[in-house]
Amino acid sequence: MTLTVPATMTAKANGPESGENRILPMPDLSYTPEVAAETAHLYDRVKHVVPPVEWPFHAPYVAAINRLKKERDAVILAHNYQTPEIYNCVADVVGDSLQLAKLAARSTARIIVQGGVHFMAETSKLLNPDKMVLIPDLKAGCSLASSITGADIRRLREAYPGVPVVAYVNTSAEVKAEVDICCTSANAVQVVESLGVDRVLFVPDQYLAKYVASKTKVQIISWHGACEVHERFTGEELRRYREADPSIRIIAHPECPPDVIAEADFTGSTAGMIDYATAQKGGKVLLVTECSMADNVAASARDVEFVRPCNLCPHMKRITLPKILDSLLTLQHRVEIPEELAVRARRSVERMINLQN
Ligand code: 13P
Ligand code: SF4
């Protein structure tokens, strides 16, 4: 499936710039004894998943990125699905979509580099209009975000006059500009109930919509989008894992289909899943989500055994250490959102954030 991001939402840097935004030269990327020493404490965090033979390839990038972040006054926000060397070795802030959105709002750095997908970078830009927000790969999309457009929302409003629209944050700024409020997987039920109505339109994830409907009396009218990673899990495969070891704790993301959720001991956002998993000391857990997350959690939950059916998000995996370094050197790709659109989209995101505060 080809995913595109709306051309109006992004703009590359316009030619060479001077001063603090000048393009910087590529640093030496040799694995020297100095680099080995500088990054040794970081290797300690990922040695359970990165073999020693691979570290000399990562370490020069890790050292260069960490130096450049200071020089550029930049922070790296990394979603829980980023690879272990990004998540553990260069990220300043890690979390689920809601945590990243909130922390983006509090950042004091001049530049934000988004370790995640395009809609997350747009959310950071909405909350930091005066900062430079960079996405290291413009093609880092999301099957949910590309399943619906602003025009679709306008058509839904015509079909269901007066019914408020809740959009999962996994949507473009263009869609956020058309809806009443955003939600994440961590607060979807709370957001729906906060509206005080009998019916809501919930877009674009049909499975998150079903999960919310199972937790509230509010009638949910859903769109047909799906996450291409989570929709691949089946209840049948989870039953086989449980048959093999009845003590296993199954932890699922609410983007999974209902037969998967029915088999889970716990369902929650990626941050909720991490909290639940790390509390299972001495136990065995199965994380039903993108598989980098288990690698990342395993770093801090050494006494938990992780079983991981591996479904990777190809969009999250577009973000790599070399692309992050390139982003910091060239200050590409800058996320830009037309002001008129940004004002309306920001309102939907801030309405959600303010609910929690
Ligand atoms: P979280 O908000 O739970 O981190 O989910 C984001 C996402 O894209 C999951 O696929
Ligand atoms: Fe989108 Fe699914 Fe990837 Fe999350 S895991 S970014 S919902 S495609």
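Both counts, for ligands and for their atoms, begin at 1 and track the order of listing. Positions are given from 1 along the sequence.
Looking at Trp55 and Lys47, their side chains never come closer than 4.5 Å, going by heavy atoms from C-beta outward. The side-chain heavy atoms of Asn311 and Cys291, taken from C-beta on, include no pair separated by under 4.5 Å.
Following chains of ILVMFWY side-chain contacts shorter than 4.5 Å, one cannot reach Ile153 starting from Leu208, and the two form parts of different hydrophobic clusters.
Around atom 1 (Fe) of ligand 2, protein N, O or S atoms at less than 2.8 Å comprise Cys142 SG.
Classified by interplanar angle (parallel below 30°, tilted 30° to 60°, perpendicular above 60°), the ring pair Tyr81/His230 is tilted.
The side chain to side chain contact (heavy atoms under 4.5 Å, CB included) check on Arg347 picks up Val343, Arg344, with sequence neighbours excluded.
For the side chain to side chain contact (heavy atoms under 4.5 Å, CB included) test with Leu331, the passing option among Ile23, Asn21, Val113 is Asn21; the others fail.
Protein neighbours of ligand 1 below 4.0 Å, counting non-hydrogen atoms: His79, Tyr81, Asp96, Ser97, Tyr168, Asn170, Ser185, His230, His253, Glu255, Ser269, Thr270.
Looking only at distances, no side-chain donor or acceptor of Asn187 sits under 3.5 Å from a matching main-chain atom of Gln190.
Legend: disulfide (SG to SG under 2.5 Å) pairs involving residues 155-246, not counting sequence neighbours: none detected.
Within a 6.0 Å radius of CG in Asp303, other residues, nucleotides and ligands contribute more than 12 heavy atoms.
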